[in-house]
Amino acid sequence: MKKLPYYFRKASVALLVMASLTAFGQKKANVTILATGGTIAGAAASGTQAGYTSGQVTIDAMVNAVPDITKLANIKGEQISNVGSQDMSFEIMLKLAKRINELTKGDVDGIVITHGTDTMEETAYFLNLVCKTDKPVVLVGSMRPSTAVSADGPLNLYNAVAVAADPNAAKRGVLLVMNDWVHSAQSLTKISTTAVQTFMSPINGLIGISNYGVNEFYRYPYNKFGNGSEFKVDNVTALPRVDIIYADVDMPADLIEASVAKGAKGIVIAGVGNGNMPKAALDACAKVAKQGIPVVRSSRVVTGNVGRNVEVNDDQLGLIASYDHNPQKSRILLSVALLTTKSPDALQKIFYSY
Ligand code: ASP
């Protein structure tokens with residue numbers, strides 16, 4: 001038999017089934033943890049210092065730090081990457097999506113992904129679009145490294161496994177569990193650089209809560225995802241370049257054409273207010289849109305929708321309103337959607353339905 005690479009051998013969690021039933025007498029679910037790095041796998045020289053390095057601790061060590069996790073589910077682990085999520089890439093995200101699509105066809109009941117919080121909303125939203133499963137797929141991270149006083153990773157991981165093992169978490173799209181709150185990939189955003197309660201779902205609210213592994217669910221997402229999504233990445237190896245351009249007072253409008261000259265196939269404007277921008281920038285957007293480069297107007301404001309034809313005449317200029325997608329999620333959606341269409345009308349429908 002071909003020997004597995006060292007990477008995988010080291011990464012496989014050697015946890016055996018302790019018993020086949022949970023404390024509540026139910027059959028234990030099979031949960032696979034896919035580790036990608038982040039602060040949850042971070043380490044510092046002391047428990048109180050601010051400086052640390054992400055992605056230092058392996059999946060085995062993370063799971064071993066929460067022994068009670070094996071009472072919730074039969075756990076297996078795989079190390080997909082070990083990076084701070086500032087270094088997350090479409091390459092790793094595609095690898096993750098394909099692995100989830102493989103695993104969830106088998107006897108796995110739920111997936112947990114450990115991930116840095118900086119770009120967790122992008123990965124969560126991407127997976128929500130392209131993972132073809134009804135089974136729970138749950139992202140989890142932490143704001144404090146594993147070595148910190150009051151590290152938040154172990155309980156977050158425990159709660160994430162409890163949600164992934166829960167049949168009630170099915171059909172709710174990709175979820176994120178942090179600090180007791182269960183968010184939908186579609187609604188969440190990171191709002192604090194350092195606070196443990198960093199994720200919020202400002203427009204649509206929480207999906208539920210998980211408190212010491214006891215879950216309550218409040219709603220299903222209203223948008224399309226998973227098996228209901230038209231997007232597939234089985235044969236995709238790269239995504240088209242989409243740039244986000246930040247709007248502010250007197251912004252240099254030439255950034256928009258410069259971006260296209262550098263190869264952008266789509267543009268997202270992190271607009272002011274309801275997706276607005278200065279007149280010169282709007283003219284530049286209309287110009288590139290006429291050349292066939294889709295332009296999405298999103299907003300740098302943390303909550304609220306960007307509506308079509310409010311202060312900007314999108315119909316006339318050929319632009320797309322992001323609706324409830326912030327700039328980073330707009331970029332993910334546009335990158336994925338560009339695999340199938342460049343039509344502003346079709347893209348506008350996509351932004352309304354995902
Ligand atoms: N920079 C870290 C990361 O995203 C921060 C975190 O995980 O909280 O990997």
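These numbers come from the heavy atoms of this one structure, side chains and all, not from hydrogens, waters or symmetry mates. Ligands are counted one by one from 1 in listed order, and the atoms in each one are counted from 1 as well. Predicted model only: the values in this text are computed from it and were never measured.
- There is a side-chain donor-acceptor pair under 3.5 Å between Ser259 and Asp243.
- Between Phe90 and Phe126, the ring planes lie tilted relative to each other; the angle falls in the 30° to 60° range.
- The aromatic rings of Phe231 and Tyr354 sit tilted relative to each other, their planes meeting at an angle between 30° and 60°.
- Summarising the geometry of Tyr52 relative to Pro145, their closest heavy-atom pair is CG-CG, 3.8 Å, with the distance given to 0.1 Å.
- We find that Glu257 and Lys287 are joined by a salt bridge, their nearest charged nitrogen and carboxylate oxygen being less than 4.0 Å apart.
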Which protein N or O atoms sit under 3.5 Å from any N or O of ligand 1? Give atom names and distances.
| residue | atom | partner | partner atom | Å |
| --- | --- | --- | --- | --- |
| ligand 1 | 1 (N) | Gln86 | OE1 | 2.9 |
| ligand 1 | 1 (N) | Asp118 | OD2 | 2.7 |
| ligand 1 | 4 (O) | Ser85 | N | 3.4 |
| ligand 1 | 4 (O) | Ser85 | OG | 2.5 |
| ligand 1 | 4 (O) | Thr117 | N | 3.3 |
| ligand 1 | 4 (O) | Asp118 | N | 3.0 |
| ligand 1 | 4 (O) | Asp118 | OD2 | 3.4 |
| ligand 1 | 7 (O) | Thr39 | N | 3.0 |
| ligand 1 | 7 (O) | Thr39 | OG1 | 2.8 |
| ligand 1 | 7 (O) | Thr117 | N | 2.9 |
| ligand 1 | 8 (O) | Thr39 | OG1 | 3.1 |
| ligand 1 | 8 (O) | Thr117 | OG1 | 2.5 |
| ligand 1 | 8 (O) | Ser142 | O | 3.1 |
| ligand 1 | 9 (O) | Ser85 | N | 2.6 |

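- For Phe217, there are no ring pair (Phe, Tyr, Trp, His ring centres under 6.0 Å) partners two or more places apart in sequence or in a different chain.
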